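Here is the structure we will look at.
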Amino acid sequence: MKVAVYVEGQTELIFVREFLLKWFIYDSSEIGFECYELRDANPNETEYRFGSRESQRFYTIVNVGCDARALSKALATAPRHINQGYDKVIVLRDMYSDQYKSVNPDRTVSQRLNTMFIEGAQKSINSKTLQGYVYCQFAIMEIEAWLLGMGWYLTKTDSRLTQNYLKDNLKFNMDTDPETTIYHPAQRLKEIYRSVHMDYDKHSQEVNSIMSHLDKQDFELLLELDRCASFNSFVNQLIG
């Protein structure tokens with residue numbers, strides 16, 4: 001199976017890359033990928049590649065550097081991927097965006113708006129007659145919601161971040177669904193880390209550090225829990 005994955009930023013690229021590695025237990029016969037970022041519309045290889053195109057599953061992961069460009073770039077390059085024998089193209093982007101904020105003055109998670117944005121993306125795909133080949137997956141509201149959905153990992157990153165501390169001092173309950181309750185998950189994650197004099201600004205070293213504390217069992221547990229439905233949808237599309 002060959003899959004192209006277009007993401008809006010380096011946080012998403014690192015998440016997808018590390019998820020694949022850990023899900024397939026670093027088995028290069030099972031999984032291979034190459035990672036790229038777009039600079040001046042040209043793809044440049046970025047850290048790092050694993051396995052080969054001869055692996056059972058091969059992924060090309062492309063960071064387009066902008067949420068608004070992820071889908072349009074995927075649609076523009078889909079014909080080339082078809083000719084190269086790719087089985088599908090997946091777009092991963094956050095629901096939280098400047099456009100979302102501009103039509104949501106209440107700054108709350110809106111199921112109505114979520115549906116509107118999802119349907120709008122599908123219409124763009126349909127207009128290019130690429131339905132069934134290009135799939136747009138939204139992380140609701142941001143990919144950091146998935147990290148918060150696996151909030152138990154926070155206790156691994158700093159001994160001060162106990163479940164009681166998170167609940168009593170930061171009003172963060174690991175049993176709730178961050179996808180439906182947190183409007184700006186990246187900011188919430190930043191607040192959690194700042195409370196113990198750490199930081200989170202989507203820098204590559206920070207995201208790499210977080211992902212180093214997660215393993216396949218963490219992902220499996222999140223899939224089993226009744227929260228972060230967009231994570232389940234993305235994983236099913238990515239490895240299904």
Side-chain angles (χ1 to χ4, degrees), residues 1-21 23-24 28-39 41-46 49-97 99-100 113-143 146 179 219 223 228-240:
M1 185 173 76
K2 293 175 66 176
V3 179
V5 185
Y6 284 76
V7 300
E8 66 178 57
Q10 68 176 356
T11 300
E12 290 76 17
L13 185 149
I14 294 170
F15 184 96
V16 173
R17 183 193 74 200
E18 296 302 308
F19 170 85
L20 290 170
L21 283 172
W23 189 265
F24 292 101
S28 60
S29 68
E30 288 287 337
I31 181 69
F33 58 72
E34 295 173 357
C35 301
Y36 297 88
E37 58 184 18
L38 294 184
R39 296 175 185 167
N42 297 312
N44 294 274
E45 192 163 1
T46 186
R49 65 170 60 193
F50 183 85
S52 73
R53 292 176 179 264
E54 303 306 314
S55 302
Q56 287 287 340
R57 298 167 183 266
F58 178 77
Y59 295 83
T60 297
I61 310 171
V62 183
N63 167 17
V64 304
C66 173
D67 56 3
R69 293 175 58 199
L71 180 56
S72 61
K73 188 63 179 178
L75 292 174
T77 55
R80 187 184 71 194
H81 290 306
I82 292 172
N83 291 334
Q84 293 172 334
Y86 280 73
D87 297 282
K88 67 174 77 171
V89 175
I90 303 171
V91 178
L92 174 63
R93 55 167 298 187
D94 292 338
M95 183 63 72
Y96 181 88
S97 63
Q99 185 182 9
Y100 194 96
L113 284 178
N114 293 351
T115 300
M116 184 181 78
F117 275 74
I118 292 168
E119 291 178 349
Q122 190 59 52
K123 286 180 181 178
S124 296
I125 294 169
N126 295 349
S127 71
K128 301 292 185 179
T129 63
L130 287 167
Q131 59 270 32
Y133 187 77
V134 176
Y135 302 87
C136 187
Q137 298 284 322
F138 284 88
I140 301 173
M141 292 288 291
E142 296 175 285
I143 201 167
W146 300 350
E179 189 169 292
F219 299 126
L223 288 169
C228 293
S230 67
F231 175 73
N232 290 44
S233 177
F234 174 69
V235 170
N236 288 337
Q237 196 61 253
L238 185 68
I239 65 175

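Since the model is a prediction, treat every value here as computed from it, not as a measurement.
Note: E18 CD to L13 CG = 9.5 Å, rounded to the nearest 0.5 Å. Taking CD of Q122 as the start and CG of L130 as the end, the distance is 10.5 Å to the nearest 0.5 Å. For the atom pair L20 CG and F15 CZ, the distance stands at 10.0 Å (nearest 0.5 Å). Put simply, CG on N126 and CD on Q131 are 4.5 Å apart, with the number rounded to the nearest 0.5 Å. A distance of 10.0 Å separates CE in M141 from CD in E179, rounded to the nearest 0.5 Å. Note that the CZ atom of F231 and the CG atom of N236 stand 9.5 Å from one another [nearest 0.5 Å].
Within the 4.5 Å cutoff, the side chain of D87 has no heavy atoms near those of the F58 side chain. Here the side chains of E8 and D94 are in contact, with some heavy-atom distance below 4.5 Å. In this structure, the side chains of L238 and L92 stay at 4.5 Å or more apart for every pair of heavy atoms. Side-chain contact check for Y6 versus V89: some heavy-atom pair is nearer than 4.5 Å. Looking at V91 and K73, their side chains never come closer than 4.5 Å, going by heavy atoms from C-beta outward. Within the 4.5 Å cutoff, side-chain heavy atoms of L38 are placed close to those of R69. Side-chain contact check for Y133 versus H81: some heavy-atom pair is nearer than 4.5 Å.
Of all heavy-atom pairs between G51 and S28, the closest is CA-CB, 3.9 Å. Across all their heavy atoms, C136 and L71 have their closest contact at CB-CD1, 4.4 Å. Across all non-hydrogen atoms, the minimal contact from Q84 to K2 is O-NZ, 3.0 Å. Closest of all the heavy-atom pairs between N63 and G9 is OD1-CA, 3.2 Å. Closest approach of E12 and V7 over heavy atoms only: CB-CB, 3.6 Å. Across all non-hydrogen atoms, the minimal contact from I239 to R57 is O-NH1, 2.7 Å.
Every residue two or more places apart in sequence or in another chain was checked for a side-chain hydrogen bond (donor to acceptor under 3.5 Å, both in side chains) with S52, and none qualifies.
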Test log, rule side chain to side chain contact (heavy atoms under 4.5 Å, CB included), inputs N83 and R80: CA-CA 5 Å; N83 291 334; R80 187 184 71 194; 5.6 Å; no
Verdict with supporting geometry, W146 and F19, side chain to side chain contact (heavy atoms under 4.5 Å, CB included): CA-CA 12 Å; W146 300 350; F19 170 85; over 6 Å; no
Derivation of the side chain to side chain contact (heavy atoms under 4.5 Å, CB included) call for I31 and W23: CA-CA 9 Å; I31 181 69; W23 189 265; over 6 Å; no
Intermediate values then yes/no, side chain to side chain contact (heavy atoms under 4.5 Å, CB included), Q56 and F24: CA-CA 11 Å; Q56 287 287 340; F24 292 101; over 6 Å; no
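Donor-acceptor pairing under 3.5 Å is lacking for the side chains of Q137 and Y135.
Counting heavy-atom neighbours within 6.0 Å of E54 CD, excluding the residue itself, gives a total of 12 or less.
Tested against Y36, the residues N44, T60, V64 include a single side-chain contact (heavy atoms from CB on, under 4.5 Å) partner, T60.
Under the 3.5 Å distance criterion, the side-chain polar atoms of S233 are left unmatched by any main-chain donor or acceptor of S230.
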